[in-house]
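Okay, so here's the structure we're looking at.
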There are 2 protein chains.
Amino acid sequence: MTTPIPNPAQRPRADATKDALIRAAVAVFGRDGFQAASTRAIAQEAGVNQALIKYHFANKQGLYDAAIQSIADRMGTEVLPIFHAIEANRVEDDPAASLFALKRMLGAMIGLLAREDAANWAQLIVREQQSPGPAFLKIYDGIMAPALTTMARLVNVLDPAGRLGDPKLLVITLVGQVLVLRVAHATMMRFVGWDRIGDKELEEIRARIGRNLDRLFAETEHAP
Amino acid sequence: MTTPIPNPAQRPRADATKDALIRAAVAVFGRDGFQAASTRAIAQEAGVNQALIKYHFANKQGLYDAAIQSIADRMGTEVLPIFHAIEANRVEDDPAASLFALKRMLGAMIGLLAREDAANWAQLIVREQQSPGPAFLKIYDGIMAPALTTMARLVNVLDPAGRLGDPKLLVITLVGQVLVLRVAHATMMRFVGWDRIGDKELEEIRARIGRNLDRLFAETEHAP
DNA sequence: TTGACTAATTTAATCGTTTGATTAATTTCA
DNA sequence: TGAAATTAATCAAACGATTAAATTAGTCAA
């Protein structure tokens, strides 16, 4: 009824429509938010008829869920390889390797969040964070929690005695240093005097976070 | 016409209405966002007639601007005293005092952002940040820029040689560590296993940020 | 290769509801 | 009494959702 039985015969045509709708949905939902984004605007941006939203995704919420899912998938394919590379290397007893892995993970997050071409879907994630719905849980369980847990384990290697306090809360503050680039984007750009984030600015941000990590995990030689 | 000439005679009645509308506007705008918040819902929450929004604030946008302004005023009265206390003390050549002042400023921000009773208006600010309108400039120029500039000056005292790099970008990452409490609230609460932010959690967050600052500005190269 | 047949997909038009805005009448109070 | 403030009722516009008709494309008998 509402969900037609898939037929391999005419799949390509339908898939192209669904792709166009999801791509437009990410852009418009990210720019305007769920409520402010109209199904008519999304359909126009996708270049398809408005009624196709109901046909392919049941309703507006269904299209939104599909857009979130597509972002989660993309984040997974971009971030998970980094996880696996880290897990492959045995960093359990190598602080230097752990620090390097931590920098790599945060550097990847910077690349994902700071780039201007990612503004739309990054903002969609940020919005979803603020009023977490069912879609949020999917991203949290699939991406956020694994990433945070991995980072907490790396922190544990760097600070096995726990002198720095709860690793989890520490990881949150690390993520915050990256998240601020998107969340307080307008404030940051004004304050540091940038008008866009290019490769140069991207590298400056990575260096900034890297230095913060170096200081945070430096061995303070309280020589008597 | 649209803006009635103020008449001292019946001021109190009108002021009570305006206050109720602004209070409700902060709550509903913060909870639902500008578009999703309906003027009927705001009027009902305020316990007044919907048409009074036009009468007192011209239109929905006017009420939104007034709500932003009220938040800016409140932030000013809570934050500016701390600025003045810092400016009163001469910290230009006292790293210890600068570090203490920095902790105090970030601690005040934590108190403003992390408390659950501030969720509504804090979220309103976060939303405004993501799609900065004219109202954003008011808050940026009035609160954000002065705060960030003061913090950058404190950082300069702690790192006069500039070994840590651009103070402004460093300040942004410091603010990010606080902002994350509100922006990634749902993620943080789940990850650290909290269900609410009470006094205990608030103190834990302050301690976390304090330790981060200690490490960041610790003297590593100094011999005894 | 045709050309009717069928299901999947797309389209234009319209439904009822909600929205912000507005009006005219009413109430309040010095 | 009169200006200010409030109220109930209504407006046009935009919204998500829905319908029925039109179009597309693969299937298969001839």
Side-chain angles (χ1 to χ4, degrees), chain A residues 1-29 31-68 133-135, chain B residues 1-29 31-68 133-135:
Chain A
M1 300 297 177
T2 54
T3 305
I5 301 155
N7 183 336
Q10 303 196 3
R11 279 282 87 197
R13 192 158 56 119
D15 283 350
T17 303
K18 289 168 82 169
D19 280 358
L21 273 173
I22 287 178
R23 202 190 322 271
V26 170
V28 180
F29 279 134
R31 170 160 44 82
D32 302 338
F34 179 78
Q35 282 271 0
S38 76
T39 56
R40 284 171 174 83
I42 295 172
Q44 186 178 10
E45 176 121 346
V48 305
N49 190 281
Q50 184 213 2
L52 289 174
I53 291 175
K54 174 190 161 68
Y55 182 77
H56 287 294
F57 303 99
N59 52 26
K60 184 183 184 182
Q61 183 68 49
L63 175 57
Y64 181 80
D65 293 342
I68 293 283
Chain B
M1 299 296 177
T2 54
T3 305
I5 301 154
N7 181 337
Q10 304 194 3
R11 279 281 89 197
R13 192 157 55 118
D15 283 350
T17 301
K18 289 167 82 169
D19 281 357
L21 272 175
I22 288 178
R23 201 190 324 271
V26 170
V28 180
F29 279 134
R31 170 160 43 84
D32 302 337
F34 179 78
Q35 282 268 3
S38 76
T39 56
R40 284 172 174 82
I42 296 173
Q44 186 177 9
E45 175 123 346
V48 305
N49 191 282
Q50 182 215 2
L52 289 174
I53 291 175
K54 173 188 160 72
Y55 183 77
H56 287 293
F57 302 100
N59 52 25
K60 186 184 182 181
Q61 184 68 48
L63 175 56
Y64 181 79
D65 293 343
I68 292 283

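Order of the sequence lines fixes the chain letters, A, B, ..., with proteins taken first and strands second; residue numbering starts at 1 for each chain. Values below: all heavy atoms of this structure, side chains included; hydrogens, waters and symmetry mates excluded.
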- Query: To the nearest angstrom, how far is A:Ile53 atom CD1 from C:dA12 atom C1'?
  - Reply: 15 Å
- Could you state the OH-P distance from B:Tyr55 to D:dT7, rounded to the nearest angstrom? 12 Å
- Check the distance between D:dG16's P and A:Gln44's CD and give it to me in whole angstrom. 13 Å
- Note on the structure: Paired with A:His56, the side-chain contact (heavy atoms from CB on, under 4.5 Å) test is passed by just one of A:Thr17, A:Leu63, A:Ile22, namely A:Thr17
- Task: Return the value, rounded to whole Å, for the distance between atom CD of A:Gln50 and atom C1' of D:dA14.
- Result: 11 Å
- Task: Can you establish whether the number of heavy atoms outside B:Arg23 located under 6.0 Å from its atom CZ is more than 12?
- Result: no
- Task: Answer yes or no: does a side-chain N or O of B:Lys54 lie under 4.0 Å from OP1 or OP2 of C:dT22?
- Result: yes
- Separation of D:dC15 atom P from A:Phe29 atom CZ, nearest Å, is 13 Å
- Query: When we call it a touch if two heavy atoms are under 4.0 Å apart, what does B:Ala37 touch: a base, just sugar-phosphate, or nothing?
  - Reply: sugar-phosphate
- Item | Value in whole Å for how far the P atom of D:dA17 lies from CZ of A:Arg40 | 11 Å
- note: A:Lys60, atom NZ; D:dA14, atom P; distance rounded to Å ~ 15 Å
- Examine C:dT10: is either OP1 or OP2 under 4.0 Å from a nitrogen or oxygen in the side chain of A:His56? Give yes or no. yes
- Donor-acceptor pair, side chain of A:Lys18 and main chain of A:Phe57, under 3.5 angstrom: no
- Query: Is the phosphate of D:dC15, meaning OP1 or OP2, less than 4.0 Å from a side-chain N or O of A:Thr39?
  - Reply: no
- Task: Measure up the A:Phe29 and A:Phe34 rings against each other and bin them: parallel (under 30°), tilted (30 to 60°), perpendicular (over 60°).
- Result: parallel
- Query: If you pin A:Phe34 and B:Asn49 to their nearest nucleotides in DNA chain D, which one's is more 5'?
  - Reply: B:Asn49
- Query: Among the nucleotides D:dT19, C:dT19, D:dA17, which one has an atom lying closest to any side-chain atom of A:Ala51?
  - Reply: D:dT19
- Message: Does D:dT6 have OP1 or OP2 under 4.0 Å away from a side-chain N or O of B:Thr17?
- Response: yes
- Message: In this structure, how many angstroms lie between the P atom of D:dT18 and the CZ atom of A:Phe57, rounded?
- Response: 16 Å
- Minimal heavy-atom distance between B:Gln50 and B:Thr39, with the atoms involved, is NE2-OG1, 3.0 Å
- Query: Which one, C:dT11, C:dA21, D:dG16, comes nearest to the side chain of A:Leu52?
  - Reply: C:dT11
